[in-house]
Amino acid sequence: LDTISVKHLSKQFKNQTALKDISFNIQPGEIFGFLGPSGAGKTTTIKILTGQMHPSDGVASVLGVPTEKINEHIYEQVGIVTHNSGLYDKLSVYKNLEIFTKILNVKKSKIEEILKRVGLFKDRKKIAGKLSQGMRQRLILARAVIHNPKVLFLDEPTSGLDPSTQVEIHRLIKSLRDNGTAVFLTTHNMEEAEKLCDHLALLNNGKIVEAGTPREIRLNH
Ligand code: ADP
Ligand code: ADP
């Protein structure tokens, strides 16, 4: 069973085609990268696959659930990091995670474990609003994976981060992949996509113009 299956998906806004007949599959333990410039349709795809938007045409499913049937229960098995993944800025690093353990019914011992894994354990008492951008992104990622999701959606997870933090985030994403999580990530950075992804689709103007492993795609150029 594919973790994510997308067949002939299209999305039409009033006078704007955001996605046109896109298809792809993602397996467990695979990092699938959606590479494209701003406006290509990356965010729209994530919104459809997380049940926040309906397609105009085509079908897609996540963990066997068709997108039109996705409801909040999917969040028990899915993690999401997008641009508006806000933190509680007045609360500590630890509290920000604790809130999620309650919502997701996760053991509190997971907080310490994930803090160590993302390298924030010594900062657990810091106020989230005072973190550097890199630490903030690590906390957002920690929160998205504290319940060990089977699927992780990452919308431009390293954009705006310094190179060393990017490397750390990449390492973390790979370790999740190695534990069997299927990762769907978007980026407009070809170099990042090549380093990180097992499979890639190049998106332009809502269409997949090329797909394959980074190696296959490089050989075609
Ligand atoms: P990306 O994430 O790759 O930057 P988006 O998925 O946000 O691209 O957008 C794809 C296209 O669809 C863009 O042309 C964008 O302006 C348009 N679009 C996105 N959301 C809407 C919306 N709610 N209404 C109208 N057009 C939209
Ligand atoms: P991103 O930074 O992910 O590309 P945008 O800043 O383009 O996101 O879009 C922010 C929000 O505005 C999204 O919810 C998107 O669907 C919506 N949006 C984007 N383009 C348009 C548009 N042309 N008309 C209406 N809504 C849009």
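Read the numbers this way: they start at 1 and go in the same order the structure lists the ligands and their atoms.
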**OP:** Would you mind telling me which of Lys126, Arg136, Lys130 makes a salt bridge (charged side-chain N to carboxylate O under 4.0 Å, His left out) with Asp89?
**Re:** Arg136

**OP:** Mind listing the closest non-hydrogen atom pair of Gln133 and Gly160 along with its distance?
**Re:** OE1-O, 3.0 Å

Subject >> Atoms in ligand 1 with a heavy atom of Pro37 nearer than 4.0 Å >> reply: 3 (O)

Subject >> Exceeds 12 heavy-atom contacts within 6.0 angstrom, atom CG of Asn105 >> reply: no

**OP:** Give the atoms of ligand 1, by number and element, whose distance to some non-hydrogen atom of Ala40 is under 4.0 Å.
**Re:** 1 (P), 3 (O), 8 (O)

Original post:
Of the backbone atoms (N, CA, C, O) and the side-chain heavy atoms from C-beta on, which set of Gln16 has a member under 4.0 Å from an atom of ligand 1: side chain, backbone, both, or neither?
Top reply: side chain

Subject >> Any N or O of Phe13 closer than 3.5 Å to N or O of ligand 1 >> reply: no

Original post:
Relative to the heavy atoms of Thr44, which atoms of ligand 1 are at a distance of less than 4.0 Å?
Top reply: 5 (P), 6 (O), 9 (O)

**OP:** For atom 7 (O) of ligand 1, state which one of Ile46, Thr43, Thr82 supplies the nearest heavy atom.
**Re:** Thr43

**OP:** Would you check the N or O atoms of Met53, main chain and side chain alike, for any that come under 3.5 Å of an N or O of ligand 1?
**Re:** no

Subject >> Test: Lys95 and Glu98 ion pair at under 4.0 Å >> reply: yes

Original post:
Is the backbone N or O of Pro157 less than 3.5 Å from a side-chain atom of Gln137, with the two atoms forming a donor-acceptor pair by type?
Top reply: yes

Original post:
Heavy-atom contact under 4.0 Å between Gly39 and ligand 1?
Top reply: yes

Original post:
Is Lys11 salt-bridged to Asp57, cutoff N-O under 4.0 Å?
Top reply: no

Subject >> Within-cut-off N or O pair, Gly41 and ligand 1, under 3.5 Å >> reply: yes

Original post:
Hey, does the side chain of Asn96 reach the backbone of Tyr88 with a donor-acceptor pair shorter than 3.5 angstrom?
Top reply: yes

